[in-house]
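Taking it in order: structure first as structure tokens, then the write-up.
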Amino acid sequence: MQVIESVKEMQTVAMQLRFGGHLIGLVPTMGNLHDGHVSLIKQANEKSDKVIVTIFVNPKQFGPNEDFEEYPRTWQDDLKKCEDNGVDIIFHPSVQAMFPKDFSSYLNEEAVSSVMCGISRPTHFKGVTTVCLKLFNLVRPDFSFFGQKDAQQCAVIKKMVRDLNIPTEIKVGETIREPDGLALSSRNQYLSKLQREDATSISKALNKAKELADSGIGNTDRIIAEIIHLLSQKRRIRIIYVKVVDKDTMQAVKTISQNQTIACVAVWVDDVRLIDNIVF
Ligand code: AMP
């Protein structure tokens with residue numbers, strides 16, 4: 001396994017791989033790898049013959065009062081997980097290498113990004129699309145792997161790839177969860193024991209919503225009311241949003257369509273911001 005820090009070297013090595021006829025799979029991450037990331041790496045290994053994992057805590061996707069400084073950085077562990085799971089290259093650039101002081105070109109997706117997390121984190125998706133476009137340009141991957149856990153991110157990236165004719169195929173991997181249902185996230189480790197207990201109500205509420213939908217309730221107002229009701233019973237939880245939306249446009253829908261509608265939740269568990277979703 002090769003570790004590349006230089007942007008120029010990444011571009012050269014990726015070009016050589018491509019000219020060598022290899023199919024390249026890209027897994028962009030911010031490190032602190034867990035089983036959610038590993039499942040994407042495994043899917044990348046199945047689809048492609050060279051897997052590139054990027055580990056880059058992207059400052060541009062954090063708001064001014066968010067957790068960029070505290071975000072867990074676990075380089076040695078990440079290195080081992082990548083090695084154990086057949087990663088060919090880790091791209092691990094510095095902030096300075098990706099965003100030099102005079103950096104001034106950003107990409108804004110204006111529709112899918114404008115709702116939900118786009119409202120509560122107004123600069124977030126601009127940071128995500130900008131860094132992903134840079135990674136796509138550097139690596140030119142045949143396939144790029146993202147997690148359903150970040151459903152809006154998947155939709156924004158897919159839209160940007162379509163709008164801008166970026167030659168990569170976006171693959172979405174299912175959400176990997178703890179045994180009690182909590183979606184794996186690097187931010188889970190900020191939770192105290194009591195906060196962690198309350199956090200399980202997120203997936204429970206989403207599962208209940210799916211149960212209602214499966215039992216024939218197609219009215220999304222009814223579904224949203226149930227999710228809000230269940231989350232409201234936990235005293236550490238403050239709801240940021242509960243939405244039932246189309247999984248491609250992220251626009252609210254009134255009735256559920258199988259495999260096309262998702263329920264999305266963002267909450268504060270005291271001072272820890274968590275998101276999750278379920279596909280109906
Ligand atoms: P992050 O390092 O949090 O930016 O995540 C990197 C990639 O892993 C993103 O595409 C995420 O959607 C994905 N991911 C994060 N958590 C999970 C999870 N629990 N299950 C599946 N994929 C995940």
Check your understanding: Backbone N or O of Pro141 within a donor-acceptor pair of the Thr168 side chain at under 3.5 Å?
Key -> yes
Review point. Shared ILVMFWY cluster between Leu230 and Ile275, side chains joined below 4.5 angstrom?
Key: no
Review point. Under a 4.5 Å side-chain heavy-atom rule over Ile, Leu, Val, Met, Phe, Trp and Tyr, are Leu164 and Leu135 clustered together?
Key: yes
Practice item. Please check if Ile202 and Leu212 belong to a single hydrophobic cluster, counting links between Ile, Leu, Val, Met, Phe, Trp and Tyr side chain heavy atoms closer than 4.5 Å. Key: yes
Point to revise | Identified side-chain contact (heavy atoms from CB on, under 4.5 Å) partner of Leu138 from the options Ile4, Leu133, Val7, Ile52 | key: Val7
Review point. Do you know the tightest heavy-atom contact between Thr130 and Leu107?
Key: OG1-N, 3.0 Å
Check your understanding: Can any side-chain N or O of Glu169 pair as donor or acceptor with the backbone N or O of Lys171 at less than 3.5 Å?
Key -> no
Point to revise | Donor-acceptor pair, side chain of Gln43 and main chain of Ser39, under 3.5 angstrom | key: yes
Check your understanding: Cationic tip of Lys60 within the cone over Tyr106's six-membered ring, i.e. under 6.0 Å and within 45° of the normal?
Key -> no
Review point. Under a 4.5 Å side-chain heavy-atom rule over Ile, Leu, Val, Met, Phe, Trp and Tyr, are Ile90 and Ile41 clustered together?
Key: yes
Point to revise | Ion pair check, Arg273 and Glu66, cut-off under 4.0 Å | key: no
Check your understanding: Do side-chain atoms of Asp198 reach the backbone of Arg236 as a donor and acceptor pair under 3.5 angstrom?
Key -> yes
Check your understanding: Step by step, would you call Asp77 with Lys81 a salt bridge (charged side-chain N to carboxylate O under 4.0 Å, His left out)?
Key -> CA-CA 6 Å; Asp77 272 13; Lys81 285 204 173 104; 5.0 Å; no
Practice item. Answer yes or no: is there a donor N or O on one side and an acceptor on the other, between the side chain of Thr220 and the main chain of Lys254, under 3.5 Å? Key: yes
Check your understanding: Salt-bridged, Lys159 to Asp248, with N to O below 4.0 Å?
Key -> no
Practice item. Report yes or no: does Ser94 contribute a side-chain atom to a donor-acceptor pair with the main-chain N or O of Ala97 at less than 3.5 Å? Key: yes
Point to revise | Whether Asn188 side chain and Ala183 backbone form a donor-acceptor pair below 3.5 Å | key: yes
Review point. Does the Gln152 side chain pair with the main chain of Cys117, one donor and one acceptor, at a distance under 3.5 Å?
Key: yes
Exercise for review: Carefully, step by step, assess Gln189 and Asn32 under the rule side chain to side chain donor-acceptor pair (under 3.5 Å).
Suggested key: CA-CA 11 Å; Gln189 59 201 270; Asn32 189 238; 2.9 Å; yes
Review point. Parallel, tilted or perpendicular: which describes the rings of Phe99 and Phe103, with under 30° parallel and over 60° perpendicular?
Key: perpendicular
**Study point:** Polar side-chain atom of Ser113 near backbone of Glu110 as donor-acceptor pair, under 3.5 Å
**Key:** no
Review point. Is the closest basic N to carboxylate O distance between Lys42 and Glu46 below 4.0 Å?
Key: no
Point to revise | For the student: nearest non-hydrogen atoms of Gln61 and Arg121, plus distance | key: O-NH2, 3.5 Å
**Study point:** Intermediate values then yes/no, side chain to side chain donor-acceptor pair (under 3.5 Å), Asp246 and Gln260
**Key:** CA-CA 6 Å; Asp246 177 89; Gln260 189 59 35; 3.0 Å; yes
Check your understanding: Between Phe136 and Leu40, is there a shared hydrophobic cluster once you connect ILVMFWY residues whose side-chain heavy atoms come closer than 4.5 Å?
Key -> no
Review point. Which atoms form the tightest heavy-atom contact between Pro93 and Ile55, and what is the distance?
Key: CD-O, 3.9 Å
